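Reviewing the structure listed below.
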Amino acid sequence: MLPRFLRQLGSAEAQDNCSLASGEIAACYVFTIKKSGTHLLRNLLVQLGMSCIDRLDYTDPQIIEPAPRGQGGFVLSHQFPSRRWRARCQTEEAKIIMNLRDPRAVFLSLLDFYDWSRPLSSSGMHTVEFRRAACRAAFKNREDLGIALLEDEVIDDDPFTPWANLRRSRTLFHHPSVLKVRYEDFFQKDAGESVVLRVCRYLGQEEPEDSENLLRDVLAAPSPTKNVSAPDRWRTHLSSRLLAAFMERHGELVRDYGYPID
């Protein structure tokens with residue numbers, strides 16, 4: 001049975017009952033930038049035997065609080081972790097994993113997501129289809145849609161747009177107690193060592209006997225948005241006009257997060 005994991009802001013119990021006993025797994029908050037391969041990181045944690053306690057996406061939720069013991073559970077969210085999560089990460093009573101991707105690839109994935117000519121995988125994505133229908137009426141073609149998506153305001157009811165989240169996440173990215181997992185890490189040579197074992201060691205989880213085989217299972221799971229898993233696809237699928245417009249508007253994000261300008 002899962003522990004009582006979600007705590008309301010201001011809970012005295014959450015503040016006072018926070019120490020970890022030996023061998024216990026700290027609560028884990030997975031903060032993921034939209035369109036950065038969220039499903040890959042989630043699949044990896046599930047393959048490692050963890051449970052997704054909650055997922056916070058488009059709602060306007062109360063910021064959840066870390067429980068004193070995670071018991072192998074994690075929260076998956078596009079919402080920036082609260083001050084208490086960050087404070088407890090500082091003292092190693094909680095863990096924060098930040099999931100990110102080359103912002104140029106994020107732009108392409110976002111464009112594909114709202115491109116009305118591309119099918120989505122689930123009939124349950126009615127909110128997205130509403131936006132896609134609006135985009136189809138508002139923009140003449142994919143290029144115009146791409147230019148519009150460079151602005152946060154186009155996705156009107158989403159407070160966690162990639163550009164806003166990347167700009168507010170620089171301190172999280174540079175903090176030594178936060179584990180950074182890049183989408184591109186999953187496709188490197190010896191990725192089992194560079195991703196799977198790194199996540200296990202950070203969380204204090206038992207390492208799998210065959211990390212490469214576990215990673216193959218992670219990659220084999222279908223993406224809910226039918227996006228193609230290819231780190232450098234932006235090089236061939238973004239037009240020169242869109243790439244130039246992106247670099248003019250958001251180029252500093254590429255540099256800030258350690259991706260080469262080429």
Side-chain angles (χ1 to χ4, degrees), residues 3 5-7 9-11 13-34 36-38 40-42 44-46 48-56 61 63-103 160 162 164-186 188 191-208 211 253 255-259:
F5 193 77
L6 304 183
R7 305 296 180 94
L9 273 172
S11 166
E13 180 185 2
Q15 295 180 51
D16 297 336
N17 186 23
C18 186
S19 60
L20 284 174
S22 176
E24 290 174 345
I25 299 172
C28 181
Y29 193 107
V30 178
F31 169 65
T32 176
I33 303 296
K34 279 186 181 296
S36 291
T38 303
L40 290 179
L41 184 52
R42 183 188 187 281
L44 171 56
L45 295 174
V46 170
L48 291 173
M50 301 182 72
S51 301
C52 187
I53 305 297
D54 201 0
R55 177 165 181 161
L56 308 175
I63 300 237
I64 59 176
E65 295 304 314
R69 287 169 288 278
Q71 299 290 330
F74 65 95
V75 170
L76 185 68
S77 182
H78 298 308
Q79 184 175 204
F80 198 78
S82 70
R83 288 182 177 181
R84 287 186 189 154
W85 269 102
R86 286 175 276 158
R88 292 180 187 175
C89 181
Q90 175 75 9
T91 59
E92 299 186 356
E93 293 164 324
K95 299 290 186 179
I96 296 175
I97 299 177
M98 180 179 180
N99 178 218
L100 68 154
R101 186 181 190 180
D102 188 321
F160 312 123
N165 260 356
L166 282 167
R167 284 193 164 82
R168 67 169 60 103
S169 303
R170 292 177 175 97
T171 52
L172 200 69
F173 175 71
H174 288 290
H175 197 281
S177 295
V178 175
L179 179 68
K180 276 68 69 174
V181 175
R182 298 178 186 267
Y183 173 86
E184 294 82 7
D185 293 342
F186 286 90
Q188 292 179 352
E193 174 71 26
S194 65
V195 180
V196 178
L197 298 188
R198 196 156 52 92
V199 169
C200 288
R201 291 163 187 163
Y202 177 73
L203 296 177
Q205 293 273 53
E206 184 178 351
E207 297 177 6
S211 59
L253 297 176
R255 294 183 290 270
D256 289 349
Y257 287 95
Y259 289 96

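All of these numbers come straight from a predicted model, not from anything done at the bench.
Listed by chain and number, the residues in a ring-ring contact (aromatic ring centres under 6.0 Å, His included) with Phe31 are Phe80 (sequence neighbours excluded). Scored by the side-chain contact (heavy atoms from CB on, under 4.5 Å) test, Arg167 finds Trp163, Arg170, Arg249, His250, Glu252, Leu253 as partners (sequence neighbours excluded). Partners of Gln188 according to the side-chain contact (heavy atoms from CB on, under 4.5 Å) rule, which considers only residues two or more places apart in sequence or in another chain, are Asp185, Ser194. Under the side-chain hydrogen bond (donor to acceptor under 3.5 Å, both in side chains) criterion, Thr32 pairs with Thr38, Asn99, sequence neighbours left out. Scored by the side-chain hydrogen bond (donor to acceptor under 3.5 Å, both in side chains) test, Thr91 finds Glu93 as partners (sequence neighbours excluded). Shown here are the ring-ring contact (aromatic ring centres under 6.0 Å, His included) partners of Tyr259, two or more places apart in sequence or in another chain: there are none. Under the salt bridge (Lys or Arg N to Asp or Glu O under 4.0 Å) criterion, Arg182 pairs with no residue at all, not counting sequence neighbours.
The side-chain heavy atoms of Ser177 and Ile96, taken from C-beta on, include no pair separated by under 4.5 Å. For the pair Pro208 and Cys200, the minimum side-chain heavy-atom distance is below 4.5 Å. Residues Asp102 and Glu184 form a side-chain contact, since some pair of their non-hydrogen atoms from C-beta on lies under 4.5 Å apart. For the pair Lys180/Leu100, a side-chain contact is recorded, criterion being any heavy-atom separation below 4.5 Å from C-beta on. For the pair Arg42/Val30, no side-chain contact is recorded, criterion being any heavy-atom separation below 4.5 Å from C-beta on. Two residues are said to be in side-chain contact when any heavy atoms from C-beta on lie closer than 4.5 Å; Phe74 and Leu203 fail this criterion. In this structure the side chain of Cys52 never reaches within 4.5 angstrom of the side chain of Leu45, judged on heavy atoms.
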field: From CA spacing to verdict: side chain to side chain contact (heavy atoms under 4.5 Å, CB included), Met98, His175
entry: CA-CA 10 Å; Met98 180 179 180; His175 197 281; over 6 Å; no
- request: Assess whether side chain to side chain contact (heavy atoms under 4.5 Å, CB included) is satisfied between Glu193 and Val196, documenting all intermediate values.
  value: CA-CA 6 Å; Glu193 174 71 26; Val196 178; over 6 Å; no
field: Phe173/Leu166 under side chain to side chain contact (heavy atoms under 4.5 Å, CB included): CA gap, chis, key distance, verdict
entry: CA-CA 9 Å; Phe173 175 71; Leu166 282 167; over 6 Å; no
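Distance CD/Gln205 to CE/Met50: 5.0 Å, rounded to 0.5 Å. Taking CG from Leu179 and SG from Cys28, the interatomic distance works out to 8.5 Å, rounded to the nearest 0.5 Å. Residue Tyr29 holds its OH atom at 4.5 Å from CD of Gln79, rounded to the nearest 0.5 Å.
Annotation for Val181 and Arg198: closest pair CA-NH2, 4.5 Å, computed over non-hydrogen atoms. The nearest pair of heavy atoms linking Ile97 to Leu41 is CG2-CD2, 3.9 Å. Nearest heavy atom pair, residue Tyr202 against residue Val178, reads OH-CA, 3.9 Å.
The backbone N or O of Ile33 lies less than 3.5 Å from no partner atom in the side chain of Arg101, so there is not a single donor-acceptor pair.
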